[in-house]
Protein chains: 2
Amino acid sequence: MSSPRALADLPQIERRTLADTAYDALCDLLASGRLAPGDKLSLRQTAAALGVSVMPVREAVSRLASDGALEVALNRALRVPILSARAFRELAETRMAVEGMAASRAAMRRSGEELAAIRRAEASFRSLAETAQPDGARAVALNRDLHFAIYAACGLQPLREIIARLWLKAGPVLNLDLRAYPERLRQGFAIRRHAEVLGAIEARDGPAAEAAIAADIGDAADFILSRGALPATAIP
Amino acid sequence: MSSPRALADLPQIERRTLADTAYDALCDLLASGRLAPGDKLSLRQTAAALGVSVMPVREAVSRLASDGALEVALNRALRVPILSARAFRELAETRMAVEGMAASRAAMRRSGEELAAIRRAEASFRSLAETAQPDGARAVALNRDLHFAIYAACGLQPLREIIARLWLKAGPVLNLDLRAYPERLRQGFAIRRHAEVLGAIEARDGPAAEAAIAADIGDAADFILSRGALPATAIP
DNA sequence: CCGCCCGAACTGTGATCACACATCACTAGC
DNA sequence: GCTAGTGATGTGTGATCACAGTTCGGGCGG
């Protein structure tokens, strides 16, 4: 059973279903804040936009609905959930707990390469945030890159998946805001927290990393909540 | 625009799609351990078993696959994932961290009714586990009831959803074991941990509750791992 | 001029069909 | 006797159609 050596060099053909691609596309829209809370979607419209039939979109949407990143109202309308202030607070608290734990583990067990990747991500975000007119979309993406560079070092893949799901739920309300008002970055809250996290990870100080990440999340959540744009009660 | 008062007393008609029902049915099979790791499913067969078309089953399966509770192999075969020892360990560690945190919060903020519910669930499990020939299926169900009675008191709904997903992934390997060898209960490990948790929650001692839940999870995981039935590397 | 009603357009849901692919049993060939 | 090719069967995936329910706007009646 010998085969030509050239066969071993062939790259594996990537096998992705259209539903997977549609899921990724919608995830990207949600995570980047290009879909705002309350935005309505239509299976047929998004299918047309993606150039496929409704079937793959149905599957993608049903997954996202299962994640709580989309919701199908009783009206059979499909929309990005409008979190109540209470739900948003619970989500933020959960993120502080879960992501804080991931950061703590990352600080204690990060490798040299992982630390280097975190350093690069932090520097990229900082250099952008310090410009006079930060680009909101890029800020969102770089902030995401930094956080996930940290969580990548936590050593627990299930934990990373959980965090990714939490970001899908929080993404629209958080990132829509950051996208719309990138000048808030100039206040320097995020930069300070990120520096604290980086320092803690360099020093392998788990509790400090946990506190800094929790503070980063808490700062942003408090800002959103203080603006009072979130409804007190859930919209039916 | 007045309406007879009797209308207000009508219970809302529950609007569930067939896909939701199919999802719940499959969840139940997974959580109770009636589906074992490696078991293969077929859309058409399960659809026939549920008396519906393949469409609702497709949606349910795609959600479960997104949760990692099922997987579609490259062969286009649908099966319950066979966790590698490493993946199982990471899952158990994640559960210890997440569920421990939930138990800690539950201990500190539980209400009187929540404590009563936890007491009842603990008593039910204990009385079953102390019988000479414990019923495996009932043990699985009561253990689940107890854990979720605790997590219900944590005050964070997103956290409860996360835990439910983790149980879907761990359910088949854990509960298949408990179902098959219920006499292990007689060793009393679970009973002891549960008593510790209950005591900690009564005393509003968060750290103790966290430690007891983590130990409960760790005990079971160590037992499974020590048996060595899990493959060292993932099956493709 | 305001309120109500009805119909057209659109929504998600479910069923059914078509297709490419994987698997297995089997046979022909070396 | 063993391997490689070949067909039948069953798989998930995707497209298309049918339908109940909703939404929204135009027009009738007040």
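From a predicted model like this one, the values you see are computed outputs, not experimental measurements.
Distance CG (A:Asp20) to C1' (D:dG12): 12 Å, rounded to an integer number of Å. Rounded to an integer number of Å, the gap from B:Leu50 CG to C:dG14 P is 13 Å. Taking atom CG of A:Leu43 as the reference point, atom P of D:dT22 lies 17 Å away to the nearest angstrom. To the nearest angstrom, C1' of D:dT23 lies 9 Å from NZ of A:Lys40. In this structure, CG of A:Leu78 is placed 16 Å from P of D:dT22, rounded to the nearest angstrom. What separates CD of A:Glu71 from P of C:dG12 is a distance of 13 Å, to the nearest Å. Remark: C1' of C:dA20 and CZ of A:Arg16 are 19 Å apart, rounded to the nearest angstrom.
For the pair A:Ser42/A:Leu78, no side-chain contact is recorded, criterion being any heavy-atom separation below 4.5 Å from C-beta on.
Counting atom types as modelled, B:Arg44 pairs a side-chain N or O with a base atom of D:dG12 as donor and acceptor under 3.5 Å. Side chain A:Arg58 to base C:dG14: a donor-acceptor pair is found below 3.5 Å.
Counting non-hydrogen atoms under 4.0 angstrom, B:Val54 reaches a base of the nucleic acid.
For A:Pro56, the listed nucleotide lying nearest its side chain is D:dG14; candidates were D:dT13, D:dG14, C:dG14.
Between B:Arg15 and A:Glu59, it is A:Glu59 whose nearest contact on DNA chain D lies nearer the 5' terminus. Residues A:Ala77 and B:Met55 each lie close to DNA chain C; by heavy-atom proximity, the contact nearer the 5' end of the strand is made by A:Ala77.
Checked by atom type, the side-chain pair B:Thr21/B:Asp24 shows no donor-acceptor distance below 3.5 Å. The closest side-chain donor-acceptor pair between B:Asp67 and B:Tyr23 falls under 3.5 angstrom.
A cation-pi geometry, defined here as NZ or CZ lying under 6.0 Å from the six-membered ring centre and within 45° of its normal, holds between B:Arg144 and B:Phe148.
A sub-4.0 Å separation between OP1 or OP2 of C:dC10 and a side-chain N or O of A:Gln45 is absent. Taking 4.0 angstrom as the limit, B:Ser42 places a side-chain polar atom (N or O) nearer than this to OP1 or OP2 of D:dT11. Phosphate contact (OP1/OP2 of D:dG14, side-chain N/O of A:Ser53, threshold under 4.0 Å): absent.
The residues A:Glu93 and B:Arg105 are annotated as salt-bridged, a charged nitrogen and a carboxylate oxygen being separated by less than 4.0 angstrom.
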